[in-house]
Asks: 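For reference, the structure I am asking about is given below.
Throughout, protein chains are lettered first and strands after them, A, B, ... in sequence-line order, and every chain is numbered starting at 1. Being a predicted model, the structure only gives us computed values, none of them experimental.
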There are 2 protein chains.
Amino acid sequence: MSDSENVSSYNNILSGVVKLTKMLPDGRQQIVGLQFAPDFLGRPFRASSQTTAEATTDVKLCSFPRSIVDKMIRETPELEHKLHEQALAELDEAREWMLTLGRKTAAEKVANFLYMIATHVEPGAGEDEELTFDLPLTRADIADFLGLTIETVSRQLTKLRKDGVIQIVNNRHITVPDIERLAWRAQVD
Amino acid sequence: MSDSENVSSYNNILSGVVKLTKMLPDGRQQIVGLQFAPDFLGRPFRASSQTTAEATTDVKLCSFPRSIVDKMIRETPELEHKLHEQALAELDEAREWMLTLGRKTAAEKVANFLYMIATHVEPGAGEDEELTFDLPLTRADIADFLGLTIETVSRQLTKLRKDGVIQIVNNRHITVPDIERLAWRAQVD
DNA sequence: CGGGTGCTTGAGTTTGCTCAACGGGCGTGG
DNA sequence: CCACGCCCGTTGAGCAAACTCAAGCACCCG
């Protein structure tokens, strides 16, 4: 499924990446969350206030009707606990991105984004080994994620490439020789 | 208590406002959440990743030791449910602010902030009555909340005043004759 | 071959930042 | 009591980072 929708059911992401976006009346758009496998997708107890979920890559979902899951949550505390944990994790991520959105420069934002994808795709971030991965987002999506324009994203990527921090194989395919240099540019921790 | 701390216990906010901030190594700072009475304050299950809680006004807290609350959560599902609900509410707020931080102009950000405070302080936002309230944050805090500088916040506030959208009595004390005009400037919904 | 999409690059503009000066309120100490 | 320093906020002038607009390239698909 590659469709956009206002999430009205619960879904387990089996593979792929889903973006959560918010939009202003005049079309300005912001991605407010990225969900990877094996996250849950869907808002318990409430309609998700003006947020849209859309796949950015091919996605495999396992979908459950809302009513059933709501009932299950009420009956099994462990399930609620698990969802609670995920909500807290998403909250932490959201707040981390608020720092990025509010206080980092375009260069830092782009480096941050690459760093996040790199560490997410390859969780065992080997100390000094070379990392390689595909971007799950187009330039337009990256811009919407970072609160920038497409052009600025493109320029910053070129700058990182010229500085030797990354290699760009295929527009989508990125190689990071030294993750620490990227982390430095991203101002992480 | 007017102190800054890394929250290591649970607190119930009885009155006042608490800000949650994140900071970069070089001192850049971002407020990632505001908590009003009667919110819970404190991160279940995990140390709050590099987030600091600090009162912005006089605050009355009711504090519980971590161990006891963790035990209570495990025993009473309703308590976990309540905390889960608040986490989801905070997540919605955080994402709403991501849209503001990433995609709105300085003017819209400031209007948005005032609108948020106004509706938060006076939840029964009377249709066409005049609204008046005290800002719980200094200009510096507002800037850190909106990802702007003090100067820009100040300039936007004077602009709103000159345009008759708000009146500024006391630097802290604000009057809003028509909340709808403010909402318009804030690009809300 | 033509059109569409996604990305890059350049030139000029604008928004918000930096730096600096200034003013009011307030507490402290002479 | 006034003088002083400090904090908080405002305002102005100049600058820089990111945006806008425009052109052009590569690739894919009909």
Asks: Can you name the salt bridge (charged side-chain N to carboxylate O under 4.0 Å, His left out) partners of A:Glu80, sequence neighbours left out?
Replies: none

Asks: With the sugar-phosphate defined as primed atoms, P, OP1 and OP2, and the base as all remaining atoms, what B/S/- string results for nucleotides 12-25 of chain D, 5' to 3', for protein heavy atoms under 4.0 Å?
Replies: BB----SSBB----

Asks: Taking the inter-plane angle between the rings of A:His84 and B:His84 on a 0 to 90° scale, is it parallel (under 30°), tilted (30 to 60°) or perpendicular (over 60°)?
Replies: parallel

Asks: May I have all residue pairs that pass ring pair (Phe, Tyr, Trp, His ring centres under 6.0 Å) and include part of residues 161-189 of chain B, sequence neighbours excluded?
Replies: none

Asks: Please report, rounded to the nearest Å, how far the C1' atom of D:dT10 is from the CD1 atom of B:Ile142.
Replies: 14 Å

Asks: Could you tell me the separation between the CZ atom of A:Arg95 and the CG atom of A:Leu101, rounded to the nearest 0.5 Å?
Replies: 14.5 Å

Asks: Quick one: B:Asp141 CG to D:dC8 C1', roughly how many Å, whole number?
Replies: 12 Å

Asks: Whole angstrom is fine here: how far is it from CD1 in B:Ile168 over to P in D:dT10?
Replies: 6 Å

Asks: In whole Å, what is the span from the CZ atom of A:Arg172 to the C1' atom of D:dA26?
Replies: 15 Å

Asks: Please list all pairs passing the salt bridge (Lys or Arg N to Asp or Glu O under 4.0 Å) test where one or both residues lie in residues 131-153 of chain B, with sequence neighbours left out.
Replies: A:Arg103-B:Asp144, B:Lys19-B:Asp141

Asks: Parallel, tilted or perpendicular: which fits the ring planes of B:His120 and B:Phe36, with parallel below 30° and perpendicular above 60°?
Replies: parallel

Asks: With a strict under 4.0 Å distance from non-hydrogen atoms of chain A, what nucleotide opens and what nucleotide closes the contacted stretch of DNA chain C, reading 5' to 3'?
Replies: C:dC7 to C:dA11

Asks: Round to the nearest Å and state the distance from A:Asn170 atom CG to D:dC28 atom C1'.
Replies: 13 Å

Asks: Assess, by modelled atom type and distance only, whether the side chains of B:Gln35 and B:Glu90 contain a donor and an acceptor separated by less than 3.5 Å.
Replies: yes

Asks: Identify, with sequence neighbours excluded, every residue that meets salt bridge (charged side-chain N to carboxylate O under 4.0 Å, His left out) alongside B:Lys159.
Replies: B:Asp163

